Amino acid sequence: MSELKETLKAQIIEQLNLEDLTVADIADDAPLFGEGLGLDSIDALEFIVLLEQNYGIKIADPSEGKEIFQSVDSLAAYIEKNQ
Amino acid sequence: MKILVSCKISDQGVYLNGEIQQKYAKETDNWKKDIYSKLELDYPKFYKMDALAKMAFIGFELMESVCSFEHFEDNDVSLLFANRNSSYDTDLRFIESYTEKGSPGPSLFVYTLPNILTGELAIRKKWFGENIFFIQENFDAEFFIDQINFYFRKGSKACLCGWVDSANDKEECFLFVVENTEGEITPEELTKYYKQ
């Protein structure tokens with residue numbers, strides 16, 4: 001699981017073009033939206049693309065996104081459960 | 001009109017009101033993040049910005065570190081910006097996202113207009129005055145002064161102006177704030193600030 005989280009952080013940095021950030025700057029449980037990384041609805045689209053391209057996971061119900069994209073912890077848990 | 005404060009960031013370094021700032025020397029390629037850290041800012045949205053918006057953000061924060069704008073109301077300040085290469089660097093990265101990486105990146109797409117940087121500054125300061133972004137061959141002091149006078153005639157009390165450009169690994173950022181007061185600025189004076 002921890003390896004998946006590190007990979008996810010690197011993918012988030014690349015997909016969202018957060019080039020000034022490093023993996024170490026993102027805490028597992030830090031909120032990705034609002035506070036924390038300060039992401040917004042545009043970035044939610046990037047997460048949907050990231051999950052589909054890298055893990056073959058399609059989010060059928062967009063309303064689930066809020067919970068799934070809460071943190072790296074929640075993203076990793078969702079991937080583990082749905083892969 | 002009077003120039004309240006100016007900031008120039010170029011390959012030579014960071015200048016505030018014409019004086020080089022050793023504290024903010026560009027020591028690494030990551031200089032924008034370095035200055036952001038030195039200013040002890042807490043604005044996570046910074047990390048999402050493209051190079052143009054980051055430069056304008058840093059330049060503005062540097063000016064605000066030595067000059068208060070608190071006396072201006074939300075609608076008092078107009079924003080007037082220009083550059084030569086529009087959003088060229090980000091345009092290339094956006095093209096790369098769908099030609100080489102498989103899908104167009106929404107977070108890149110939003111920065112494929114240079115005037116996004118004026119929006120970023122307006123959001124940061126909650127300034128709701130007029131804002132505009134011109135594409136020009138070179139910094140044109142006479143043009144800026146004409147436009148500033150136009151805004152002042154319309155009632156602006158101040159104008160945040162900037163020439164912010166980034167293309168082919170060459171970055172340039174010149175910001176200044178002009179207050180609507182007695183007196184004039186000549187194109188020669190303004191050009192001197194730009195060339196500092």
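Remember, it's a predicted structure, so these values are computed and weren't measured experimentally.
Across A:Asp20 and B:Lys54, no two heavy atoms sit closer than the pair OD2-NZ, 3.0 Å. Taking every heavy atom of both residues into account, B:Ser103 and A:Val49 meet most closely at OG-CG1, 3.3 Å. When every heavy atom of A:Gly38 is checked against every heavy atom of B:Pro44, the shortest pair comes out as N-CB, 3.8 Å.
Remark: A:Asp61 CG is packed, more than 12 non-hydrogen atoms of other residues, nucleotides or ligands lying under 6.0 Å away. Counted within 6.0 Å of NZ on B:Lys192, heavy atoms from surrounding residues, nucleotides or ligands total 12 or fewer; the atom is thus considered open. With a 6.0 Å radius and a threshold of 12 heavy atoms from other residues, nucleotides or ligands, B:Asp169 has its CG atom at or below the threshold. The environment of B:Tyr194 atom OH is dense: over 12 non-hydrogen atoms of other residues, nucleotides or ligands sit within 6.0 angstrom.
Using a cut-off of 4.0 Å between Lys/Arg side-chain N and Asp/Glu carboxylate O, B:Arg93 and A:Glu19 are scored as salt-bridged.
Residue B:Tyr47 holds its OH atom at 10.5 Å from CD1 of A:Ile26, rounded to the nearest 0.5 Å.
One hydrophobic cluster, built from ILVMFWY side chains closer than 4.5 Å, cannot hold both B:Met1 and B:Val77; they sit in different ones. Cluster annotation: B:Trp163 is connected to B:Ile185 through the hydrophobic network of ILVMFWY side chains, with a link wherever side-chain heavy atoms come within less than 4.5 Å. Tracing side-chain contacts under 4.5 Å through hydrophobic residues (I, L, V, M, F, W, Y), one never reaches B:Leu113 starting from B:Leu108; they form parts of separate clusters. Criterion: ILVMFWY side-chain heavy atoms under 4.5 Å apart, direct or through other members. Under it, B:Tyr111 and A:Leu37 are part of a common hydrophobic cluster. Connection of A:Phe69 to A:Ile57 is established within a shared hydrophobic cluster, with ILVMFWY side chains joined at heavy-atom distances below 4.5 Å, either directly or through further cluster members.
Heavy-atom distances place the side chain of A:Asp25, and not its backbone, under 4.5 Å from chain B. For A:Asp43, the part sitting under 4.5 Å from any heavy atom of chain B is the side chain, from C-beta outward, and nothing else. Contacts between A:Ile13 and chain B at a heavy-atom distance below 4.5 Å are absent for every atom of the residue. Using a 4.5 Å cut-off between heavy atoms, A:Leu18 contacts chain B through both its backbone and its side chain. Only the side chain of B:Phe46 comes within contact range of chain A, with heavy atoms under 4.5 Å apart. For A:Glu14, the part sitting under 4.5 Å from any heavy atom of chain B is the side chain, from C-beta outward, and nothing else.
For the side-chain contact (heavy atoms from CB on, under 4.5 Å) with B:Lys48, the lone residue among A:Leu39, A:Asn17, A:Leu21 that qualifies is A:Leu39.
No other option in B:Lys101, B:Lys45, B:Lys32 has as many heavy-atom pairs under 4.5 Å with chain A as B:Lys101. Ranked by non-hydrogen atom pairs under 4.5 Å with chain B, the options A:Leu45, A:Leu16, A:Ile42 are led by A:Ile42.
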